[in-house]
Student: 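One structure, as structure tokens, below. Some questions next.
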Amino acid sequence: MALEKPYQDIPGTIIFDAEQSRRGYWLNQFCMSLMTEENRRRFKADERAYLDDWAMTEAQKDAVMQRDLNECMRLGGNIYFLAKIGATDGLSFQQMAGSMTGMSEAEYRDMMVKGGRSIEGNRFVGEDGDAQASHQPQGQTHQQGDQQRPESK
Amino acid sequence: MALEKPYQDIPGTIIFDAEQSRRGYWLNQFCMSLMTEENRRRFKADERAYLDDWAMTEAQKDAVMQRDLNECMRLGGNIYFLAKIGATDGLSFQQMAGSMTGMSEAEYRDMMVKGGRSIEGNRFVGEDGDAQASHQPQGQTHQQGDQQRPESK
Amino acid sequence: MARITASVYTSHVPAIGVAIDQGKTAEPYWQPVFQGYDFSKQWLKENRPDVIFLVYNDHATAFSLDMIPTFALGTAAQFAPADEGWGPRPVPTVIGHPELASHIAHSVIQDDFDLTLVNRMTVDHGLTVPLSLMCGQPEAWPCRVIPFAVNVVQYPVPSGRRCFELGRAIRKAVESFDEDLNVQIWGTGGMSHQLQGARAGLINREWDNEFLDRLISEPEALSKLPHVDYVREAGSEGIELVMWLIARGAMADIAGGPPPKVTHRFYHVPASNTAVGHLILENP
Amino acid sequence: MARITASVYTSHVPAIGVAIDQGKTAEPYWQPVFQGYDFSKQWLKENRPDVIFLVYNDHATAFSLDMIPTFALGTAAQFAPADEGWGPRPVPTVIGHPELASHIAHSVIQDDFDLTLVNRMTVDHGLTVPLSLMCGQPEAWPCRVIPFAVNVVQYPVPSGRRCFELGRAIRKAVESFDEDLNVQIWGTGGMSHQLQGARAGLINREWDNEFLDRLISEPEALSKLPHVDYVREAGSEGIELVMWLIARGAMADIAGGPPPKVTHRFYHVPASNTAVGHLILENP
Ligand SMILES: [Fe+3]
Ligand SMILES: [Fe+3]
């Protein structure tokens, strides 16, 4: 499509536009369903069975079960919807946001207390900031050039 | 309020604006509830009891029970909402519209087939058209200057 | 590139739907109404679009007073016919065009139209009756349909001018869509009718026909008509005609192109309480 | 005649609500945040409005993807706090002002803003956290509140320019209301924050403070900033700051009056993932 999407050159950032929204429609509607206690209980009792009630792709279901929020975002999820999964798991917004960076909870909290992530080098894809793909994932666990995902988020 | 409402000098016409909408909120929401078979059944079984479940005024409830659509309009009803009452009673839009004029069903249908009500004299309050208050209600039953409402609509 | 090839204008009276669904189209009362669409059905077969952008209004069906959007664009994959109190009409489900709809949303919102996007709604006679009039009773509608619902129920409704400008923005949006699509835009509702009060049954044949004339030849001037003129002259429900200006604003001449060809014009009184008006305009 | 006397700007971070509700405001982490609002609480007591027109965004709470209104104006008599997944916040129900809200709707829609009117919705932290910050923990909120929800979740969101112009139209609407009301307009959300992906935790102190400077002194120029600048410089959720422009556009200087008095200004990092910014501007 010929529409300008000037927001595609920002590192580590997915904009929830109409296209992403279409992609993630059922994923996000599934998330909304977790706003009642009854549904949270059913989901926790058997995640797979609960997910199978929704017209989500296999990839979306997998990403939810692995709590891979970055993958959920790529597959059309929106953070305010995905936060309902976090609420179900008892996580705060800070824990959820931190989980997407590869940092431990303490590392992320520390970064925030020290003034947050710097904008320098993180404005455009290809600069040298800490949010650039070349520096991913972040956090102690990954400092030795280890490209594995952290064990548990 | 200082907003212009230039539509208040049209005879026999109530415009459903934000003010009417506030006035008629529960009346109209009651009407919407009649869009399920279950609710239509409950309403028909005991109109008064059903109406008492809604935060409507006594005047609104009376107008509904008497099927006085003109009064319903004055009290904040909107014709597309009120049409759900008509549907419950098995009436068409033509029967409902006709019922507000004082004409019999046949008289109103006849008027429509002959080209409808003329605009002449019906643009402004105070002209001499057939929709002016001085000529109300219309229809055979009222031709002798009889100001009574028709027995049944 | 997608392009708007034609616009269609028609009333959307519920009783017309009932007449079609109950097989009454040949009855003396209805025959003159449907005759006016014989040409149109044939024309649509020969000029089948890929997508119809269908401008209509919801009649307290999908939208209650809980939420009243001025402009609601349907971006879903499908829209089922609504139960308006007598059961859903026996017509096909509407298949949407989420990609084009989302694209239009993107473009039109950036042009300062404050749309509401809708992914779940049923569609009432306002949308299905025009399809029935133009397509008859097929197993499936002949193409995809993007529903666009305009609030003309609770005042203030959008001005004719606003509707016209929106049409212009929709045209621009459609033309920036990469896929090669033949798109028609339909404006529905009206013409003169009043469903309420002592003035119920009002018809204004002269005014309606002047509206048709001006819609064809001087739509921009026509778009400046204030609401109160519609209500006074064409009845309280005649205000639906502002929706025709959205379709008209999307035609080529408004963006500097040649004037449209008047392919068909029809007017008849009555269908139930309403004056039936109908136009087909084609971009040359 | 009703008039807008002041505008208030503040972040609306959910964790701030949690800290208040759980009595943690004196903890070392939170103390510096709440200290910034000590003055404001006193000020609000001394300058209690009759109505707050509160601009915020819903965070997938009242609005799912079923319906996404660009601008939603609450015209109901009351709005209950929402259950966002942890149960509703223990705060008072919001009492609306249906008469003024309907009046504003009437005026603003006629000025070509395509509002969605909402008569049934719950309100989430976007609306309740600013009230808590400014009012503490009262039994009832000190005045009526008209909720105005802006879509900043799904792109495209309204432009800064559009928001600013809307503020202007709201001012005009308020001033044409006959009753003598003291109305404040609040803009909430932001400042820099990003809740997603590898760039989560982004804070841009310099940019935020320049935003505050320009919001005070050259709001019209600031309103022309494109969305992508917000996202790039202030994080994906920093886009919420466009809502501040609605409040700013409603101030007297925009309509040719004198510049506002900067009654209070505060900035602190962090509250959870977010930079907290806060301003009080008064019309002289
Ligand atoms: Fe209609
Ligand atoms: Fe927010």
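Letters go in sequence order (proteins before strands), and every chain restarts at 1. As a basis for the values below, the full set of heavy atoms in this structure was taken, side chains included, without hydrogen atoms, waters or symmetry mates.
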Student: Tell me which of these, D/L202, D/V153, D/I239, has more heavy-atom pairs under 4.5 Å with chain A than the rest.
Tutor: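 Among D/L202, D/V153, D/I239, the one with the most close pairs to chain A is D/L202.
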Student: Is D/T61 in contact with chain A via its backbone, its side chain, both, or neither, using a 4.5 Å heavy-atom distance?
Tutor: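 Both parts, backbone and side chain.
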Student: Could you tell me which non-hydrogen atom of D/A198 sits nearest to which non-hydrogen atom of A/Q138, and how far apart they are?
Tutor: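 That closest heavy-atom pairing would be O-NE2, 3.1 Å.
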Student: Where do D/T274 and A/M112 come nearest, in terms of heavy atoms and distance?
Tutor: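 Shortest heavy-atom separation between D/T274 and A/M112 comes out as N-CE, 4.4 Å.
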Student: Identify which of D/H227, D/R205, D/E233 forms the greatest number of heavy-atom pairs closer than 4.5 Å to chain A.
Tutor: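 Most pairs with chain A among the choices: D/E233.
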Student: For the candidates A/F93, A/F81, A/Y7, which exhibits the highest count of non-hydrogen atom pairs separated by less than 4.5 Å from chain D?
Tutor: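 Of the candidates given, the most pairs with chain D belong to A/F81.
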Student: So which residue, D/N273, D/I203, D/V269, ends up with the most heavy-atom pairs under 4.5 Å with chain A?
Tutor: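 Most pairs with chain A among the choices: D/N273.
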Student: Below 4.5 Å from any heavy atom of chain A, which atoms of D/R232 appear? Answer side chain, backbone, both or neither.
Tutor: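 For D/R232, heavy atoms of backbone and side chain both lie under 4.5 Å from chain A.
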Student: Let's test your reading of the structure: which of A/D130, A/I15, A/L82 forms the most heavy-atom pairs below 4.5 Å with chain D?
Tutor: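 Top count of heavy-atom pairs under 4.5 Å with chain D: A/I15.
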Student: Is it the backbone or the side chain of A/S92 that comes under 4.5 Å from a heavy atom of chain D, or both, or neither?
Tutor: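 It is neither, since no heavy atom gets under 4.5 Å.
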Student: Look at D/V228, D/D83, D/V157, D/I68 and state which one has the largest set of heavy-atom pairs under 4.5 Å with chain A.
Tutor: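 Most heavy-atom pairs under 4.5 Å with chain A: D/V228.
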Student: Is it the backbone or the side chain of A/I14 that comes under 4.5 Å from a heavy atom of chain D, or both, or neither?
Tutor: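 For A/I14, backbone and side chain are both near chain D.
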Student: Is it true that atom CD of D/Q31 has more than 12 heavy atoms of other residues, nucleotides or ligands lying nearer than 6.0 Å?
Tutor: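 Atom CD in D/Q31 is crowded, with more than 12 foreign heavy atoms closer than 6.0 Å.
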Student: Spell out, as yes or no, whether a donor-acceptor pair under 3.5 Å connects the side chain of D/Q194 to the backbone of A/R117.
Tutor: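 Pair absent, no side-chain N/O of D/Q194 close to backbone of A/R117.
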Student: Kindly compute the distance separating CD (D/Q154) from CD (A/E19), expressed to the nearest 0.5 Å.
Tutor: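 Going from the CD atom of D/Q154 to the CD atom of A/E19 covers 11.5 Å.
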Student: Calculate, to the nearest 0.5 Å, the distance between atoms CG and CG belonging to A/L69 and D/L195 respectively.
Tutor: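 So the CG of A/L69 and the CG of D/L195 are separated by 11.5 Å.
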Student: Tell me which of these, D/P14, D/P270, D/G201, D/S272, has more heavy-atom pairs under 4.5 Å with chain A than the rest.
Tutor: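 Ranked by contacts with chain A, first place is D/G201.
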Student: When you look at D/D58 and A/Y80, which way does the side-chain hydrogen bond (donor to acceptor under 3.5 Å, both in side chains) test go after all the steps?
Tutor: CA-CA 9 Å; D/D58 181 80; A/Y80 294 120; over 6 Å; no
Student: Any idea which of A/M96, A/H135, A/R109 has the most non-hydrogen atom pairs under 4.5 angstrom with chain D?
Tutor: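 Option with the greatest count: A/R109.
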Student: At a heavy-atom distance under 4.5 Å, which candidate from D/L65, D/V231, D/N204 has the highest pair count against chain A?
Tutor: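 Option with the greatest count: D/L65.
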Student: Could you tell me which non-hydrogen atom of D/A60 sits nearest to which non-hydrogen atom of A/K84, and how far apart they are?
Tutor: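 Looking at all heavy atoms of both residues, the closest pair is O-NZ, 2.9 Å.
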Student: Report, by ascending residue number, the residues of residues 118-127 of chain A in heavy-atom contact with chain D at a distance under 4.5 Å; give 'none' if the set is empty.
Tutor: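 Heavy-atom contacts from residues 118-127 of chain A to chain D are A/S118, A/I119, A/N122, A/R123, A/F124.
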Student: What part of D/E84 gets closer than 4.5 Å to chain A, counting heavy atoms only: side chain, backbone, both or neither?
Tutor: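 The answer is the backbone of D/E84.
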Student: Name the region of D/P156, side chain, backbone, both or neither, that has any atom closer than 4.5 Å to a heavy atom of chain A.
Tutor: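 Neither part, no heavy atoms under 4.5 Å.
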Student: For chain D, which residues from residues 30-55 of chain A have at least one heavy atom closer than 4.5 Å to it?
Tutor: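 Residues in range: A/M32, A/M35, A/R40.
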Student: Please flag which part of D/F63 lies under 4.5 Å from any non-hydrogen atom of chain A: side chain, backbone, both or neither.
Tutor: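 For D/F63, the backbone is the part near chain A, not the side chain.
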Student: side-chain contact (heavy atoms from CB on, under 4.5 Å), that's the test. Do A/Q29 and D/D66 meet it? Break it down for me.
Tutor: CA-CA 9 Å; A/Q29 296 296 72; D/D66 283 346; 2.7 Å; yes
Student: What are the two closest non-hydrogen atoms of D/A200 and A/A97, and how far apart are they?
Tutor: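 It is CB-O, 3.6 Å.
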Student: What's the spacing between A/N70 CG and D/Q196 CD if we round to 0.5 Å?
Tutor: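 A/N70 atom CG to D/Q196 atom CD measures 8.5 Å (nearest 0.5 Å).
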Student: May I ask you to check whether over 12 heavy atoms, not counting those of D/E206, lie within 6.0 Å of atom CD?
Tutor: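 Counting other residues, nucleotides and ligands, CD of D/E206 stays at 12 neighbours or fewer.
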